[in-house]
Protein chains: 2
Amino acid sequence: MAEAEPPPTRSDARHNREALLIAAEDVFTRLGTDAPLQAICQQAGVGRGTLYRHFPTREHLFVALMRERVEELDLRARTLLDAPDTASSLVEWLRLYDRSATDYPGMSAQVGGGLADSTSPVEPLCRPMKRNFAKLFARAQEEGAVRTDISAVQVLTLVGALPKDPATGRTVTPYLDVVINGLLRSDHK
Amino acid sequence: MAEAEPPPTRSDARHNREALLIAAEDVFTRLGTDAPLQAICQQAGVGRGTLYRHFPTREHLFVALMRERVEELDLRARTLLDAPDTASSLVEWLRLYDRSATDYPGMSAQVGGGLADSTSPVEPLCRPMKRNFAKLFARAQEEGAVRTDISAVQVLTLVGALPKDPATGRTVTPYLDVVINGLLRSDHK
DNA sequence: ACCTGAACACCGTTCAAGT
DNA sequence: ACCTGAACACCGTTCAAGT
């Protein structure tokens with residue numbers, strides 16, 4: 001399932017785990033999130049079984065790599081809940097979300113896909129962030145700034161699915177602007 | 001490359017080709033466009049080499065299956081070029097496009113991805129349709145009905161990438177509405 | 001308790017032998 | 001000219017043997 005495993009006790013295990021994460025970061029950045037896991041084992045200098053012991057699925061690697069970023073996004077959402085302009089707070093956060101989720105090619109789709117999937121380890125990682133974004137989104141909806149026929153999670157899924165530049169992995173301009181414009185209610189401004 | 005191969009001359013070859021297409025249609029509908037090609041060979045009752053002779057890549061199968069649909073879309077775009085309301089013509093066509101591209105799970109992303117890729121056999125198949133949609137789109141842009149910072153091909157790519165219901169393969173509501181609303185210039189209506 | 005690498009399963013792709 | 005299926009390559013996953 002989607003349990004957060006406790007940190008390893010033995011020092012060689014902790015060292016291997018760290019080496020795998022460093023290798024994964026490099027390999028995913030270079031080859032995208034579909035890269036062969038073999039490349040990661042090789043670069044980390046560990047056997048294949050060791051990778052599987054530490055990270056039973058590819059998604060567990062994503063979770064470990066994305067943890068800090070997602071926590072930052074969660075924090076930013078909470079901060080923006082105190083900002084006066086609901087619509088521009090929402091837009092600012094969505095741009096940040098898009099940026100964070102595209103640091104590794106393919107990561108955006110992985111995060112977006114796991115967001116609402118209870119069998120994915122991505123789901124528990126993102127749950128707090130989702131909750132706080134949902135508040136931010138609901139606040140904008142209540143003020144009439146954005147359409148009400150779409151849920152907060154759907155917005156995140158949609159942004160995560162926007163087509164990417166194959167070279168940089170970033171969302172192609174102006175897809176995010178189109179979506180943001182489509183979310184905002186024109187009769188409100 | 002992306003050549004349109006001539007139809008086979010020998011009757012057994014033609015029969016095998018037909019059997020492969022019927023099997024592919026069934027398998028892709030049931031298992032999506034990522035289904036093992038092995039399943040298609042098996043269901044068609046032919047050897048693996050035969051599949052590769054007729055359809056050198058998975059995308060060549062898509063092209064054969066999508067040909068009729070894409071030609072219909074092309075025809076519809078030409079018809080709509082004579083309709084008076086540019087914006088509603090555009091919207092009507094985009095809904096038709098979304099519907100056509102989601103008849104097989106995963107097909108939408110395949111078509112959207114191959115649309116602008118000169119190495120894909122999807123590209124030459126869709127070229128006429130793209131041209132006529134581009135006219136439809138340009139007409140709406142000239143009238144000020146839609147934003148001008150996005151190209152016609154980008155619109156098709158964006159619609160093709162919208163998240164799908166895993167069960168039905170169809171675009172989830174209201175993603176297409178959000179995008180359409182985002183394309184339309186609110187100061188125009 | 002943890003690591004290693006051989007072994008297995010799966011799938012795509014090629015090609016020598018056959019008709 | 002076309003078909004077939006064995007053979008190969010690649011990658012993910014498991015597990016028996018080792019420390």
Side-chain angles (χ1 to χ4, degrees), chain A residues 1-3 5-24 26-28 30-65 105-106 110 113-114 119-121, chain B residues 1-3 5-24 26-28 30-65 105-106 110 113-114 119-121:
Chain A
M1 278 279 290
E3 298 304 314
E5 64 262 64
T9 56
R10 256 169 55 171
S11 71
D12 56 344
R14 268 187 286 115
H15 174 265
N16 278 340
R17 195 189 131 91
E18 205 48 46
L20 281 167
L21 283 176
I22 291 169
D26 180 55
V27 169
F28 285 149
R30 283 188 295 111
L31 307 177
T33 51
D34 289 332
L37 298 179
Q38 199 183 3
I40 297 175
C41 304
Q42 223 165 336
Q43 191 161 320
V46 305
R48 300 166 181 226
T50 302
L51 172 60
Y52 277 82
R53 169 175 297 273
H54 287 288
F55 305 101
T57 74
R58 188 181 287 269
E59 288 189 302
H60 284 86
L61 271 170
F62 300 155
V63 166
L65 290 176
Q110 293 291 342
T119 70
S120 166
Chain B
M1 275 281 290
E3 298 305 313
E5 62 261 67
T9 57
R10 256 169 56 171
S11 70
D12 58 342
R14 267 188 287 116
H15 174 265
N16 278 340
R17 196 189 130 92
E18 206 48 45
L20 281 166
L21 283 176
I22 291 169
D26 181 55
V27 169
F28 285 149
R30 285 188 293 110
L31 307 177
T33 50
D34 288 332
L37 298 179
Q38 198 181 5
I40 297 175
C41 304
Q42 222 166 337
Q43 191 161 320
V46 305
R48 299 163 181 230
T50 304
L51 172 61
Y52 277 84
R53 169 173 298 273
H54 287 288
F55 304 101
T57 74
R58 188 182 287 268
E59 288 190 301
H60 285 85
L61 271 170
F62 299 155
V63 166
L65 290 176
Q110 292 292 341
T119 69
S120 166

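Each chain gets a letter, A, B and so on, in the order the sequences are listed, and its residues count up from 1. Note that this is a predicted model, so its numbers are computed, not measured.
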**Asked** Can you name the closest pair of heavy atoms from B:S120 and B:G114 and give their distance?
**Response** OG-CA, 3.8 Å

**Request:** Give a yes/no answer on whether the side chain of A:H54 brings an N or O atom under 4.0 Å of OP1 or OP2 in C:dC3.
**Result:** yes

**Pair partner, D:dA7 [Watson-Crick or wobble, under 3.5 Å]** = C:dT13

**Prompt:** Expressed in angstrom and rounded to an integer, what is the separation of B:I40 atom CD1 from C:dC10 atom C1'?
**Reply:** 16 Å

**Asked** Closest nucleotide of DNA chain C for B:R10 versus for B:G49: which of these residues is on the 5' side?
**Response** B:G49

**Message:** Measuring from the side chain of B:T50 (C-beta onward, heavy atoms only), which nucleotide among D:dA6, D:dT4, D:dT14 has the closest atom?
**Reply:** D:dT4

**Complete:** Of A:T57 and B:D12, the one whose nearest nucleotide on DNA chain D sits closer to the 5' end is B:D12

**Item:** Length of the CZ-C1' vector between B:F55 and C:dG12, whole Å
**Value:** 17 Å

**Request:** State which of C:dC3, D:dC2, C:dT14 makes the closest approach to the side chain of B:Y52.
**Result:** C:dT14

**Item:** Full working for side-chain contact (heavy atoms from CB on, under 4.5 Å) between A:Q110 and A:F28
**Value:** CA-CA 12 Å; A:Q110 293 291 342; A:F28 285 149; over 6 Å; no

**Request:** Kindly point out which of C:dT4, D:dC3, D:dT4 is positioned nearest to the side chain of B:V46?
**Result:** D:dT4

**Item:** A:L51 CG - D:dC11 C1' separation (whole Å)
**Value:** 13 Å

**Message:** Under 3.5 Å for both donor-acceptor distances, Watson-Crick or wobble: does C:dC2 have a partner, and if so which one?
**Reply:** D:dG18

**Spacing between B:R48 atom CZ and D:dA7 atom P, to the nearest angstrom** = 13 Å

**Item:** A:N16 side-chain N/O to C:dC3 phosphate OP1/OP2 under 4.0 Å
**Value:** yes

**Asked** To the nearest angstrom, how far is B:Q38 atom CD from D:dT4 atom C1'?
**Response** 15 Å

**Item:** Worked verdict on B:T57 versus B:Y52 for side-chain contact (heavy atoms from CB on, under 4.5 Å)
**Value:** CA-CA 7 Å; B:T57 74; B:Y52 277 84; over 6 Å; no

**Prompt:** Yes or no on side-chain contact (heavy atoms from CB on, under 4.5 Å) for A:R30 and A:V27, after CA distance, side-chain angles and deciding distance?
**Reply:** CA-CA 5 Å; A:R30 283 188 295 111; A:V27 169; 3.9 Å; yes

**Message:** Distance check needed: C:dC3 P versus A:H15 NE2, whole Å only.
**Reply:** 11 Å

**Request:** Grab the CG-C1' distance between B:L20 and D:dT4 for me, whole Å please.
**Result:** 13 Å

**Asked** Which is it for A:T33 and A:L61 under the side-chain contact (heavy atoms from CB on, under 4.5 Å) test, yes or no, and what are the steps along the way?
**Response** CA-CA 10 Å; A:T33 51; A:L61 271 170; over 6 Å; no

**Asked** In whole Å, what is the span from the CG atom of A:L37 to the P atom of D:dG12?
**Response** 4 Å

**Message:** Does B:R58 reach a base, just sugar-phosphate, or nothing at all? Heavy atoms under 4.0 Å.
**Reply:** sugar-phosphate

